[in-house]
Structure formats: structure tokens, C-alpha cells
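First comes the structure, then the notes that go with it.
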Amino acid sequence: MPGEIKGLNEECGIFGVFGHPDSAQLTYYGLHALQHRGQEGAGIVTSDGDHMKVSKGHGLISEVFPQDRLDSLEGHSSVGHVRYATSGDRSYENIQPLMFRSQTGGLAVAHNGNLVNAHALKGQLEAQGSILQTTSDTEVVAHLIKRAGHLPMDEAISQGLSMIKGAYAFLMMTENKMYVANDPRGLRPISIGYLGDAWCVSSETCAFDVIGATYERDVMPGELLIIDENGIESKRFSAPIQRTLCSMEYVYFSRPDSDLDGKNVHAARKRMGKSLHAESPAEADVVTGVPDSSISAAIGYAEASGIPYELGLIKNRYVGRTFIQPSQELREQGVKMKLSAVRGIVEGKRVVMVDDSIVRGTTSRRIVKLLKEAGATEVHVRIASPPIKNPCYYGIDTSTSGELIAANNTLEEMREQIGADTISFLSVEGLNDAIYQGQESLNHGGCTACFTGNYPTEIYPNTVLPYEKA
Ligand code: SF4
């Protein structure tokens with residue numbers, strides 16, 4: 001999962017509760033379950049029906065919200081956000097939810113994703129006199145909504161959303177209503193659930209389980225949900241288009257106990273491991289997975305091959321977040337601290353090392369070295385997703401193309417650089433089959449643009465990648 005040891009990071013997670021006296025506390029627990037989606041900033045906005053209060057800061061949710069701070073957030077409704085910040089994007093102002101106040105009331109906005117036409121819209125807004133306070137796309141949307149302020153709020157939001165392009169799940173709140181929207185292709189996950197009479201909204205369903213809520217359904221592509229004291233109402237701000245949910249959510253980002261689009265992430269990863277074995281078998285004595293996100297795929301590979309699954313690699317859970325280390329050298333030291341090979345398991349053995357994906361390749365090289373230093377006689381690297389060759393414009397920091405090992409090397413060159421005896425990746429077809437089990441032609445089919453270069457939306461000439469924002 002993000003925040004582990006890869007150069008691959010999610011932009012954020014969002015969670016909200018409408019209609020519960022402990023909404024802030026529940027939002028805290030929900031965000032805690034989504035912490036893997038972003039560890040550099042967290043915020044919660046509450047409403048008591050008349051007033052809205054915002055509280056946010058840098059760090060983990062538990063660092064930002066000690067109990068006394070949480071207790072000061074009163075109200076029946078809350079929206080919260082955890083975020084991953086890219087370099088040059090760590091300012092306090094960019095921590096979400098963003099809060100906007102005007103004479104007609106407040107609007108809190110939490111966003112997961114990335115807009116591909118934000119640069120052009122910012123230029124238009126500034127030319128028309130708007131002054132933007134943050135570098136975040138989220139503020140652009142708030143300005144667009146405000147410019148339609150003569151309309152009822154749901155229509156103003158629909159109008160604002162109709163002008164933006166890219167990947168987004170939005171959670172917004174006024175003093176007495178909550179609004180949830182998913183982009184016309186449903187690139188980022190967002191679901192609703194309920195806890196008694198209260199409605200809950202989450203980037204991932206695992207957060208519902210944590211607070212004892214029941215999952216209701218995913219928010220559909222192009223759908224705007226309006227939640228208030230009368231219940232929940234569904235509207236459309238865009239005609240339905242085939243959903244292209246991010247495939248990397250299944251491969252790496254989401255927690256294995258989450259369901260995406262009705263499909264459990266752990267089960268999908270196991271099927272990826274099985275498909276990987278069918279495509280790329282290896283003669284070996286043990287199968288091991290790189291903790292934590294690759295373990296499900298490794299179990300699937302082991303089951304399909306009949307080779308025993310073993311804990312050949314152990315993660316030290318008490319090492320800090322390595323991905324914020326600034327230099328390559330420090331990142332590699334971080335990997336060393338975070339993972340250990342288990343000599344008693346791998347010594348004298350031919351090992352299949354299953355990993356979910358490869359970004360720069362430095363982590364894989366280090367892990368192969370660890371296994372060989374611990375006595376593995378052969379290391380066969382099996383990657384449970386296709387080679388990442390293209391940048392993501394939809395909110396995932398995949399590094400620049402120049403840093404992506406698969407964008408610049410042949411398979412044999414990668415094998416050599418990583419130091420493996422053999423290396424194979426899952427095919428795009430194998431990945432789609434594992435996720436959708438032949439159902440993708442009905443109404444789904446994931447985004448696979450970082451593997452194939454086939455982007456499901458227009459990419460504008462000035463589209464700014466998440467890690468290029470300053
Ligand atoms: S390009 Fe890759 S990481 Fe980005 S949304 Fe598509 S599948 Fe996900």
C-alpha cells in the first residue's frame with residue numbers, strides 16, 4: 001500500500017458522516033482506516049447546522065487530532081481528508097478540506113484525484129479577477145461553483161463540475177447539506193454507507209467496517225448525491241460513460257479488505273497471482289511476497305503453482321515513512337531498515353519473489369539483494385501487474401517517465417539491473433481478467449493508461465502532473 005517503499009503514491013482519501021452526534025470522532029476513525037492513502041496532512045470540517053469549524057494540520061491523523069482537539073469539533077456532520085503531498089506542495093493552505101466562507105454561507109471541499117484542465121481554468125479565473133490562494137485543483141472547483149452562486153447549490157455544483165475534466169471524487173459540505181460527486185468515468189473510488197440513521201461517505205469500504213457502518217453502494221460515474229435531513233437524493237451532472245476505475249487501486253493502493261465496484265481487493269490480487277503463474281511459471285522451492293500489498297498476489301501464485309508460500313520477507317512496522325526521504329540514497333537506506341529477508345526460509349532455496357508493481361526498480365534491486373545475501377540460490381521476480389511505462393494524470397504520483405524503469409529498458413535490461421535470475425510481468429489482458437473475470441465488456445473496464453498509454457480522457461497540453469505542482 002502507499003507509504004510503503006515504492007515511488008508510487010496516492011493523492012488522498014476522503015471520509016464524511018452526515019447526521020450523527022459523534023460525526024467528528026467517526027470521521028477520525030474513518031480517516032485512520034484510510035491513512036495508507038496519504039500521510040502528510042489531515043483535516044476535518046464539522047457543522048452543527050449553523051456554524052462550520054475547520055481543523056487541520058501536517059502529519060498523521062493521530063498526530064493532527066489529539067483527543068482535546070477532536071472534542072472541540074462539535075456537530076452532526078463532518079467531512080475529512082488525508083493527503084499525500086508532493087514536493088513543492090506541502091503548504092498548510094493545501095491541506096484539505098478547503099473551507100470557503102461567504103455571505104451566503106460556508107462550503108467545505110475535499111477532493112481525491114487530479115484535474116487535467118485545471119491549468120487552463122486557473123488562467124481563465126485569474127483573467128476574470130479571481131485570486132487563488134492555493135496551488136490545489138480543489139480551489140478551482142470552489143471558484144467555479146461560487147460563480148454559479150445565483151443557482152441552488154446542487155445546480156451550482158453541477159455547473160462547476162461540468163467544466164472540469166480529469167479524475168475526481170468530491171465530498172462537499174455546507175452548514176446543512178452534504179454533496180458527493182464522482183467524475184464521469186469514475187476513475188477514483190468513492191462509496192456510501194450508513195450507520196443507523198447517519199450516512200457515511202468513504203474513498204474505501206474498509207473505513208465503513210471500522211466504524212460499524214454498512215456499505216450501501218459506489219457513487220456512480222457522473223452522479224451527484226445530495227444528503228440532508230430528508231435523506232439522500234441522486235442527480236446526474238454528466239451522462240453516463242463507461243466506468244474506467246483506476247486499475248492500480250486493485251493492484252496496489254486500496255486495502256485488501258476493501259471492495260471496489262463490488263469486488264474484494266484481496267480476492268482480485270489473488271487472481272492476479274494465479275494469472276501471473278499461468279503466464280509465467282517458475283521452477284522454485286518457495287514463493288514469497290513483498291509485504292504488505294504483494295502478499296495476496298503471492299498467495300495466489302503459490303496456490304496455482306503448488307509451490308509453498310512462505311514469509312521470506314518481513315517488514316519492520318515501526319520504521320517511519322520512507323517515501324518522504326528526499327534522496328535516492330536515503331530511500332535505499334529506508335528500504336534496508338524496513339524489510340528483512342528470513343534466512344531460515346530462503347537459504348539454499350530457489351525463490352519466487354512476487355511484487356505488485358515496479359516503478360523505479362531500486363526497491364526491487366534491493367530486495368533481490370537481500371534475498372541473495374540471505375542465501376537464496378535463485379530469485380525469480382514475478383510482477384502482478386504490467387510494466388508501468390507512462391505517467392498518471394489522474395492523481396497518482398508514478399514518477400516521471402525518465403524515472404520509470406520499464407519506460408526506458410527492455411525486459412532483459414530490467415532483469416540485469418534488478419539482479420534477478422528471471423523476471424516477468426502480468427499482461428494487461430491477464431490483469432483485466434483477474435479484476436473483472438470476463439465481465440469488463442458489460443459496463444466496466446479499468447483505466448490501464450500507465451501501462452498502455454491509452455488515457456480514458458483527453459490530456460490537455462498543459463496538464464500538470466501531481467508531482468509537478470508548485
Ligand atoms: S494511469 Fe494508472 S495509476 Fe493513473 S488512474 Fe490510470 S490506472 Fe490508475
Side-chain angles (χ1 to χ4, degrees), residues 1-4 6-14 36-38 84 86 111-118 137 164-170 182-190 203-204 218 221 241-255 258 260-261 263 265 268-269 272 293 297 323 355-360 383-401 403-407 425-436 440 444-460 463-469:
M1 290 185 292
E4 290 189 320
K6 274 185 208 302
L8 196 57
N9 291 291
E10 177 69 65
E11 286 279 282
C12 63
I14 52 186
H36 58 286
R37 300 181 75 87
Y84 161 70
T86 50
H111 169 212
N112 177 24
N114 192 55
L115 307 185
V116 294
N117 65 337
D137 295 354
I164 60 175
K165 302 204 182 314
Y168 52 87
F170 275 108
N182 201 357
D183 72 66
R185 293 198 173 273
L187 275 149
R188 304 255 70 87
I190 180 100
S203 291
E204 284 185 44
D218 285 15
I241 311 175
Q242 182 184 8
R243 186 169 195 192
T244 49
L245 176 63
C246 168
S247 296
M248 285 303 291
E249 291 283 353
Y250 287 103
V251 169
Y252 177 66
F253 293 118
S254 291
R255 267 178 42 163
S258 285
L260 299 169
D261 219 0
K263 289 170 274 295
V265 171
R269 286 180 187 162
M272 288 171 209
S293 52
F323 72 90
D355 203 351
D356 51 75
S357 53
I358 292 186
V359 183
R360 287 183 290 260
I383 307 299
S385 63
I388 298 176
K389 296 183 175 176
N390 307 283
C392 173
Y393 293 96
Y394 305 128
I396 305 301
D397 175 1
T398 51
S399 305
T400 60
S401 296
E403 294 174 307
L404 295 170
I405 187 171
F425 291 78
L426 183 62
S427 66
V428 175
E429 297 72 30
L431 176 69
N432 278 332
D433 282 351
I435 297 173
Y436 296 103
E440 64 270 28
H444 299 100
C447 173
T448 52
C450 49
F451 313 123
T452 61
N454 298 327
Y455 293 95
T457 71
E458 230 174 315
I459 300 298
Y460 287 69
T463 297
V464 182
L465 293 165
Y467 46 85
E468 291 173 342
K469 286 181 184 163

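One-based numbering, in listed order, for ligands and for the atoms of each. If you're wondering where the values come from, they're calculated on a predicted model, not measured in any experiment.
Atom 6 (Fe) of ligand 1 lies under 2.8 Å from an N, O or S atom belonging to Cys447. In summary, an N, O or S atom of Cys246 is located under 2.8 Å from atom 8 (Fe) of ligand 1.
Shortest contact from atom 4 (Fe) of ligand 1 to any protein heavy atom: Cys392 SG, 2.3 Å. For atom 2 (Fe) of ligand 1, the closest heavy atom belonging to the protein is Cys450 SG, 2.4 Å.
Heavy-atom proximity to Met248, at under 4.0 Å, picks out these atoms of ligand 1: 3 (S). Proximity to Ser247 (heavy-atom distance under 4.0 Å) selects the following atoms of ligand 1: 7 (S). When each atom of ligand 1 is checked for a heavy atom of Tyr394 under 4.0 Å away, the hits are 5 (S). The atoms of ligand 1 that sit less than 4.0 Å from any heavy atom of Ile396 are 3 (S).
One side chain, Thr457 or Tyr394, offers a donor N or O that lies under 3.5 Å from an acceptor on the other.
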* To do: Starting from the C-alpha separation in whole Å, work towards a yes-or-no answer on side-chain contact (heavy atoms from CB on, under 4.5 Å) for Ile396 and Phe253.
  => CA-CA 10 Å; Ile396 305 301; Phe253 293 118; 3.1 Å; yes
* salt bridge (charged side-chain N to carboxylate O under 4.0 Å, His left out) evaluation trace for Glu249 with Arg37 -> CA-CA 10 Å; Glu249 291 283 353; Arg37 300 181 75 87; 2.9 Å; yes
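By the 4.5 Å heavy-atom criterion applied to side chains, Leu245 and Leu260 are counted as neighbours. At a threshold of 4.5 Å between non-hydrogen side-chain atoms, the residues Phe451 and Ser427 do not count as touching.
Using a 4.0 Å cut-off between charged side-chain N and carboxylate O, Arg243 and Asp261 make a salt bridge.
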